[in-house]
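What follows is a set of notes on a single structure, which appears directly below.
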Amino acid sequence: MTWQRDAACRDADPELFFPPSDDDTSVIVARHRIAVAPICSACPVATECLRWALDSGQDHGLWAATTPTDRRMIRRARMAGVPDPVADHEPMCSACSLLFPMPVVDGDICSRCLGKEAV
């Protein structure tokens with residue numbers, strides 16, 4: 001995780017990013033999220049942070065100013081083939097936007113869409 005070296009939060013208090021409640025609807029989580037938003041929005045590695053949190057299944061804390069609930073929604077959308085506009089800059093099918101496993105050339109069409117073209 002070399003991206004952490006460049007993170008805007010590396011010198012911030014870690015407790016700011018880990019609210020004492022796991023309830024995303026609580027006032028305390030909202031306050032923490034408001035406090036970290038300026039740090040995360042100015043961070044040069046926020047995309048890498050979010051990707052890491054999604055890929056490693058982080059269920060606690062604020063990563064790239066997202067809550068665990070936000071990240072669960074992103075993961076569900078990804079499983080349905082819907083890329084996240086921040087985390088998913090990987091190549092995707094130009095016909096249906098399904099994420100490709102690497103390696104692939106952006107603009108390629110997935111096997112599901114290739115099957116549709118043959119019909």
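Just so we're clear, the structure is a prediction, and the values are computed from it rather than from any experiment. Sequential numbering from 1 along the given sequence is applied to the chain's residues.
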Value rounded to 0.5 Å, distance of [atom1] in [X] from [atom2] in [Y]:
X	Y	atom1	atom2	answer
Asp55	Leu50	CG	CG	9.0 Å
Leu54	Ile74	CG	CD1	5.0 Å
Arg51	Asp84	CZ	CG	10.0 Å

Identify the two heavy atoms, one from [X] and one from [Y], that lie closest to each other, and give their separation to 0.1 Å.
X	Y	value
Ile39	Ala35	CD1-O, 4.1 Å
Cys40	Ala46	O-CB, 3.7 Å
Arg71	Gly61	NH2-O, 3.0 Å

Open item on the list: Using the side chain to side chain contact (heavy atoms under 4.5 Å, CB included) criterion, which residues pair with Ser56? Sequence neighbours excluded.
Closed with: Trp52, Gln58
Task: Sequence-distant partners of Asp22, side chain to side chain contact (heavy atoms under 4.5 Å, CB included), two or more places apart - done: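 For Asp22, the residues satisfying side chain to side chain contact (heavy atoms under 4.5 Å, CB included) (neighbours in sequence not counted) are His60.
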- [ ] Would you mind listing the cluster partners of Val27? Hydrophobic ones only (ILVMFWY), side-chain contacts under 4.5 Å, chaining allowed.
- [x] none
Task: Residues clustering with Ile34 (ILVMFWY side chains joined when closer than 4.5 Å, directly or via others) - done: none
Task: Of all pairs that satisfy salt bridge (charged side-chain N to carboxylate O under 4.0 Å, His left out), the ones with a partner from residues 36-49, not counting sequence neighbours - done: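 Qualifying pairs, neighbours excluded: none.
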Open item on the list: Please tell me whether Ile28 and Leu62 are part of a single hydrophobic cluster in this structure, the criterion being side-chain heavy atoms less than 4.5 Å apart.
Closed with: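 No, Ile28 and Leu62 fall in different hydrophobic clusters.
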Task: Listed once per pair and sorted, the side chain to side chain donor-acceptor pair (under 3.5 Å) pairs that draw on residues 29-45, sequence neighbours left out - done: Arg33-Asp70
Task: Polar side-chain atom of Asp24 near backbone of Thr67 as donor-acceptor pair, under 3.5 Å - done: no
Distance-only criterion, 3.5 Å: show the donor-acceptor pairs between side-chain atoms of residues 3-17 and protein atoms not counting sequence neighbours.
residue : atom : partner : partner atom : Å
Arg10   : NH1  : Arg5    : O            : 3.2
Arg10   : NH1  : Ala7    : O            : 3.0
Asp13   : OD1  : Glu15   : N            : 3.1

